[in-house]
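Since the structure comes first, as structure tokens, the remarks are kept for the end.
Ligands are counted one by one from 1 in listed order, and the atoms in each one are counted from 1 as well.
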Amino acid sequence: MRTRAGAPPRDVYAGGVNTRTATADAGLDPVDGSEALAALTAAATELEAQQQPAWPDTAALAEVIETLASYPPLVFAGECDILTDRMAKAAVGEAFVLQGGDCAETFASATADNIRDRIKTILQMAAVLTYGASVPVIKIGRMAGQYAKPRSSTVETREGVTLPAFRGDMVNDFAFHETARIPDPQRLVRAYHASSATLNLVRAFTTGGFADLRHVHDWNRGFVANSANQRYEKIAKDIDKAMRFMWACGADFDAMRTVEFYAAHEALLLDYERPLTRIDSRSGRLYDTSGHFVWVGERTRQLDGAHVDFVSRISNPIGVKLGPKADIDEVLRLIDTVDPNRTPGRLTFITRMGAGTIRDALPGLVDKVTASGATVTWICDPMHGNTFESPSGYKTRDFEDIVEEVRGFFEVHRSLGTIPGGIHVELTGNDVTECLGGAEKIIDSDLEKRYESVCDPRLNHQQSLELAFLVAEMLGQA
Ligand code: PEP
Ligand code: CO
């Protein structure tokens, strides 16, 4: 399937929050942004893009693309550059990345409470991981744009009825009836507004005192007070001691009331990402202003495909998912295409191998990438290689497999002398029952109680914290 050409964005302002010049930082000459933007738009008609919806009304789509192109950026080039610097630190072990959030955000669940609870979960996990890693944790939500999904089949059949697959709220409706499943380009506009509102809350919750490390630590004390989580009491007590030590030394707790928090999503729907790509007024370079960090998924990372081409033209920090069948020559060519200048922090490989496969599949990749002289940030997604259907028919994951994949990730990197740079997880702040296991011992018959994901199963609040404590233990064993 081919994507359609988008109207070139009119509003090309992408600078703003940060006065540093990207060109000075990156040591690059200013480039002609308008030429680069024209080339990016032209590529839309020339390259094959996998996983795009068949929009039935192309005139309506063209109008929507123009509308999106006229809207303000959601994030700013200067913020993306700071995140690139942060990711560069994670590549060399001076920071650790925590990416987490829904598999698929939905418009209905973009409520203040849900967003707050997801941020809270990530902050709680980050506090524990910071202690375990003894380095700053880079907090990145899979949110404010995670509204489109790649699907293994273009259709879904239920009880003999076949309809187009649900491709995310940005495309069509989850409800299983004919009109609901028709791709509607107006949903791209809704996704923009939902992302904007989400980011507004993210910015408020992470700078307005909610993120104060003392609160976060109190919430974690509540978690270990539960008898099921006694096993983690020792780390919680150690953190307690460290907090009191910092306080006694006169550490500036007021400075810890605010955290940096970034937004990430899969750059899947090019009819959304392209019109939100703007020229940075400081440097002339292009940034996808729909999110700070965008990644290319396992199903769309073809070297000659439109997605890899798209991310190679923007200056955001970029992720690429790598599954167990990733071919090393292709991976090396991906580095050449996405990160030709070998910019520290530019490229992150998010590996999703499966608990039973990671120890065999990952070492060869890491070894050859390292031998090539490239420095990438390695992150473990322990979710997507561990999905299966439970006997009761739910798509699920077992907490044990998730932990085991992270354990394998650390083992592989430690044996090679390379850096395990972070984790990427699907989670929610709610008490859903989507993944099996954990201290609450969720079993198959519990899944139906509160299974809310419209796509992949997420760790619930408790399971997320438990994972953070376990990963903190792994980090502490360095
Ligand atoms: C995802 O992150 O939800 C996803 C679809 O992952 P992958 O591309 O690794 O399968
Ligand atoms: Co998923």
Can you sort out the partners of Thr343 under side chain to side chain contact (heavy atoms under 4.5 Å, CB included), two or more places apart, ordered by chain and number? Asp339, Asn341, Arg346
Of Lys149, Arg352, His384, the residue with the heavy atom nearest atom 10 (O) of ligand 1 is Arg352
Presence of salt bridge, Glu400 and Arg407, under 4.0 angstrom: no
Going by the atom numbers of ligand 1, which of them fall below 4.0 Å from some non-hydrogen atom of Cys103? 3 (O)
Output yes when the distance from some N or O of ligand 1 to some N or O of Arg142 is under 3.5 Å, and no in every other case. yes
Which atom name would you report as the N, O or S atom of Asp456 nearest the Co ion (ligand 2)? OD2
Salt bridge Asp102-Arg118, side-chain N to carboxylate O under 4.0 Å: yes
For Asp117 and His461, test the side chains for any donor-to-acceptor distance below 3.5 angstrom and give the result as yes or no. no
Please find the N/O/S atom of Glu426 nearest to the Co ion (ligand 2) and write down its name. OE2
Taking atom 8 (O) of ligand 1 as the point of reference, which of His265, Met383, Glu426, Glu298 owns the nearest heavy atom? Glu298
Side chains of Asn386 and Asp398: do they bring a donor and an acceptor to under 3.5 Å? no
Looking at the rings of His193 and Tyr71, which for Trp means the six-membered one, are their centres under 6.0 Å apart? yes
Check this for me: does any side-chain nitrogen of one of Arg190 and Asp169 sit under 4.0 Å from a carboxylate oxygen of the other? no
Arg299 heavy atoms, cut-off 4.0 Å: which ligand 1 atoms fall inside? 5 (C), 10 (O)
Please determine whether Cys103 has a backbone or side-chain N, O or S atom lying under 2.8 Å from the Co ion (ligand 2). yes
For residues Tyr147 and Phe107, establish whether the separation of their ring centroids is below 6.0 Å. yes
For Gly297, the ligand 1 atoms with a heavy-atom partner under 4.0 Å come out as 8 (O)
Atom 5 (C) of ligand 1 sits nearest the protein heavy atom Pro150 CG, 3.8 Å
Min over Glu266, Lys321, His424 of heavy-atom distance to atom 2 (O) of ligand 1 lands on Lys321
